[in-house]
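This report concerns only the one structure given below.
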Amino acid sequence: MNHLILLFSLALAFADKESQKTNQNFSSNNVSHKRLKRDWIWNQMHIKEEIDTPLPHHVGKITSSVRNNNAKYIIEGEYANTIFKVEETSGDVYAFERLDREKKAEYELTALIIDRRNNQSLEPPSKFIIKVYDINDNVPVFVEKVFNGSVPEMSPVGTSVTKVTAVDADDPTVTGHATVTYQVIKGDEYFTVDDSGVISTTRADLDRENQSTYEIIVKAKDAPGSSGDSSTATVIITLTDINDNFPVFKHPSFHFKVPENISVGGEVGRVKVEDVDEPQHRNTKYSFVKGDYRDTFEIVANPFTNEGIIRPKKALDFEKVAEYRFDIEATDPTVDLRYFKSSGSRSISTVTIEVTDVDEPPVFTKLPYEFKVRENDPEMRTLGSVWAYDPDAATRKIRFIQRRASPSGDYIRVSDTGIIQLPKPLDREFSSSYNITVAAQEILEDGRLSDRESHAQVHVIVTDENDNAPELVYPEEPRVCENAAPGKVIIRISATDKDEISPGGFFKYSLATEDSNFSLVENYDNTANITVKYGQFNRELAKIHYLPVIISDNGDPELSSTNTLVISVCKCNEKGNFTFCEERAKQVGVSIQALVAIFICIFTIIVITLLILLRKRHKKDLSGLGRNVAEIHEQLVTYDEEGGGEMDTTSYDVSVLNSVRKNGVKPEAVPSPYAQVQKPPGNVTSGAGEMEMMIEVKKDEADNDRDLLPYDTLHIYGYEGAESIAESLSSLESGSSDSDIDYDFLNDWGPRFKMLAELYGSEPNEDFVY
């Protein structure tokens, strides 16, 4: 190959020389001289990968048409002077590494020729490519180590399962280098693989219920190469389920017990089946085979558990049927019969339901009860009756009780025997229907009522009687211009009636008097227009007109009412727009409930005020009867001023008190707070011994008698000494004094001596208890 490249290069060089000679002859004959173009001369370079000869490996030769002894070849590029190098004088290119085409298939370099003396470029740079030839040196490699696939069970032969892929890194353009073939080396009895890697089934009896997954091994190999090696991958194949199995009962028979009062639609029990298919393919249907109880029970499949739920379709009665027995069958209508595996006999099971007796509540003979009554009918007292019976064998008596009423109140009564009565006539305008709930209870043998009861609704419909007159629907402030023309419509009025209006009912309107500036025009649609009769209202005479309107109905009997329409006369502009109207006094009404609340508040305030006054009066009476012990004691202990002693008569002139007491004259100046009292005569000697003895006596009394007042509150007034002309000023012993002095004059001395007057002015036998 190298020799061929070299010969090709030489041929190109010779052809270049001949063209140069031709150009020279042409230029010699031409007047103008042109510069000759010089070109690079080489062939595209190729080299095999993984050459096992010693390095370096010759790649090719680069050649230029430049004829210069100082010419020098160099190469540039990513791999220049590393993997590839050029001989600078000859232009031979060498590879200094073994090349791998799978890593890099071609290299792009740039060739240059320069003058080695000044490094000046002799030719423009030129790019060239070195291609690496492939050898079959790679083994096919699977893109995944484990592949997954699925196929429905019982699929026919040749059904595609999945596809595996292996990749060969060799050059696919070289025949046989990248061609991959596949082979199942494990599990080939169930599956096969073609050259494209598609895995398919080889059997039609793959049953998921026997084996749900398969693990096979596939080998990938290319055409014979340098090594001839191969690789393998694991493929896990899952069989998906199809509905190819019928359900089978787990037990040949089922037995259930249920009370007779089970509700309709309640659960009696569950029958269980086994279906080997997956849940999404379990569609069990249950049906009766023997024993015709389709009108009594139903069997419904639970979509989640596939169980059959038995429910009653009507009420059970132990007294009528105590036991039910029937056969049921379980099937699946969605089973694919193409793959159905017959299991022999049908799946049938026997069901026995035992009904147990319970104490049932009474049963009403009719539900609901409905009665009609005319409103305000005084003669209607009994509407009818309700009736219930005991469904059990005991057949006990029944008592009826009213539970709820709507509207609430004593409008309808129920007797113990179920008779519906009216205590008073009913008013349809209050309520058009009255509803009550009646409870029925059994009377036990001991007279008590059973705790089980049943209920019935009683509806009383009140038919209407024409007992209410129509009323005016008052519009908002009807107004008229004072210069309104005759025939001007002021307002359209309408009426309402609390009674029920029949389809042919209508209202008639009329004015109570024709002596007014207004007229009434019927519209014959249960409305009427109030119009101006003469026109030209005088606001000076009347700014507001009160127009009585009579409204009657065509009921039986015919009723009518008189309603007053208040019309204001207003000033208007030329266009007839209102410019000024008097404000009418608004009537403010107070409801009865509000009046009752106001009266209750006023009564509460009056009661509280009386209680406060009585309490103050009571306190005043107590203060007038006398001071309590604590107050009197406090009055006594605060008299703590003794004066200057026995010989001090300047600050406290006792003679003034004595003169006032003798003459009975009220002093002009404010008297001294102490009154002079004559000391009864006695032969008492003063001295330290007497005072010492008195102190000892008081100390002994205080030590032995704990009920006495503290001594420190007594010693101030207990003894004044023998030389005191005022004797004792204390009032403690004044109540028991034998003095015949009259102290009534203290009442004339004013409020300051009121307490002394009360104390000294009391009866001699009055006792003050402290």
Side-chain angles (χ1 to χ4, degrees), residues 362 364-389 397-441 453-474 494-510 512 526 548-564 589-597 599:
F364 281 94
T365 57
K366 179 182 178 182
L367 289 175
Y369 293 87
E370 185 174 302
F371 303 96
K372 289 187 178 181
V373 61
R374 291 187 306 169
E375 69 169 328
N376 302 322
D377 189 352
E379 298 180 357
M380 180 61 69
R381 287 293 180 263
T382 302
L383 297 179
S385 63
V386 295
W387 181 251
Y389 65 92
K397 293 183 178 180
I398 308 300
R399 177 173 294 177
F400 300 93
I401 304 171
Q402 180 177 334
R403 290 301 187 199
R404 290 178 294 274
S406 176
S408 60
D410 187 20
Y411 301 106
I412 302 176
R413 295 177 183 175
V414 181
S415 66
D416 294 344
T417 58
I419 298 175
I420 308 299
Q421 298 174 331
L422 297 180
K424 58 183 178 181
L426 300 180
D427 187 3
R428 196 201 69 86
E429 282 69 45
F430 176 74
S431 178
S432 61
S433 64
Y434 296 79
N435 305 314
I436 62 172
T437 301
V438 179
Q441 290 181 302
E453 63 180 43
S454 56
H455 301 89
Q457 301 298 324
V458 178
H459 306 293
V460 178
I461 299 175
V462 183
T463 59
D464 185 42
E465 294 291 326
N466 192 23
D467 57 346
N468 292 277
E471 298 176 353
L472 178 67
V473 177
Y474 284 93
S494 61
T496 182
D497 196 334
K498 294 181 180 178
D499 293 323
E500 184 178 358
I501 300 177
S502 61
F506 59 88
F507 299 125
K508 293 184 295 183
Y509 301 87
S510 62
N526 284 336
V549 179
I550 300 175
I551 307 175
S552 60
D553 58 19
N554 64 334
D556 184 18
E558 182 178 313
L559 299 178
S560 63
S561 65
T562 301
N563 305 264
T564 301
V590 181
S591 62
I592 297 177
Q593 293 83 355
L595 290 175
V596 172
F599 285 134

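FYI, side chains are in, hydrogens and waters are out, and symmetry mates aren't considered; it's all heavy atoms of this structure.
At distances below 3.5 Å, not a single donor-acceptor pair connects side-chain atoms of S385 with backbone N or O atoms of G418. Here the side chain of S561 pairs a donor or acceptor atom with the backbone of P470 at under 3.5 angstrom. Without hydrogens or angle criteria, T382 side chain to G384 main chain gives no donor-acceptor distance under 3.5 Å.
For Y434, the ring pair (Phe, Tyr, Trp, His ring centres under 6.0 Å) test picks out Y411, with sequence neighbours left out. Not counting sequence neighbours, the partners of T437 by the side chain to side chain donor-acceptor pair (under 3.5 Å) test are Q457. Scanning for side chain to side chain donor-acceptor pair (under 3.5 Å) contacts around T496 gives an empty result, with sequence neighbours left out. Applying the side chain to side chain contact (heavy atoms under 4.5 Å, CB included) rule to P425 yields the partners R381; only residues at least two apart in sequence or on another chain are considered. In terms of the side chain to side chain donor-acceptor pair (under 3.5 Å) criterion, residue partners of N468 (sequence neighbours excluded) are, by chain and number, E429, D499. With sequence neighbours left out, S510 forms a side chain to side chain donor-acceptor pair (under 3.5 Å) with no residue at all.
Heavy-atom minimum distance, T562 versus P548: CG2-CB, 4.0 Å. In this structure, I398 and A440 approach most closely via the heavy-atom pair CG2-CB, 3.7 Å.
A salt bridge (Lys or Arg N to Asp or Glu O under 4.0 Å) check over residues 453-471, counting only residues at least two apart or in different chains, returns the pairs R403-E453, R428-D464. Within the structure, the side chain to side chain donor-acceptor pair (under 3.5 Å) test picks out the following pairs touching residues 413-423 (sequence neighbours left out): D410-R413, S415-T417. Among residue pairs with one or both ends in residues 367-376, those qualifying as salt bridge (Lys or Arg N to Asp or Glu O under 4.0 Å) are R374-D377; sequence neighbours excluded.
The aromatic rings of F507 and Y509 sit perpendicular, their planes meeting at an angle over 60°, well past the 30° parallel limit.
Between the CD atom in Q402 and the CZ atom in R404 there is a gap of 10.5 Å [rounded to 0.5 Å]. Atom NE2 of H459 is separated from atom OH of Y369 by 12.0 Å, given to the nearest 0.5 angstrom.
No side-chain heavy atom of I401 sits less than 4.5 Å from a side-chain heavy atom of V438.
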All N/O donor-acceptor pairs, side-chain side in residues 550-558, below 3.5 Å, sequence neighbours left out:
unit_1, atom_1, unit_2, atom_2, d
D553, OD1, G555, N, 3.4
D553, OD1, L559, N, 2.9
D553, OD2, N466, ND2, 3.3
N554, OD1, F506, N, 3.3
N554, ND2, G504, O, 3.2

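Put simply, the residue from I420, L426, T463, I461 that forms a side-chain contact (heavy atoms from CB on, under 4.5 Å) with V373 is L426.
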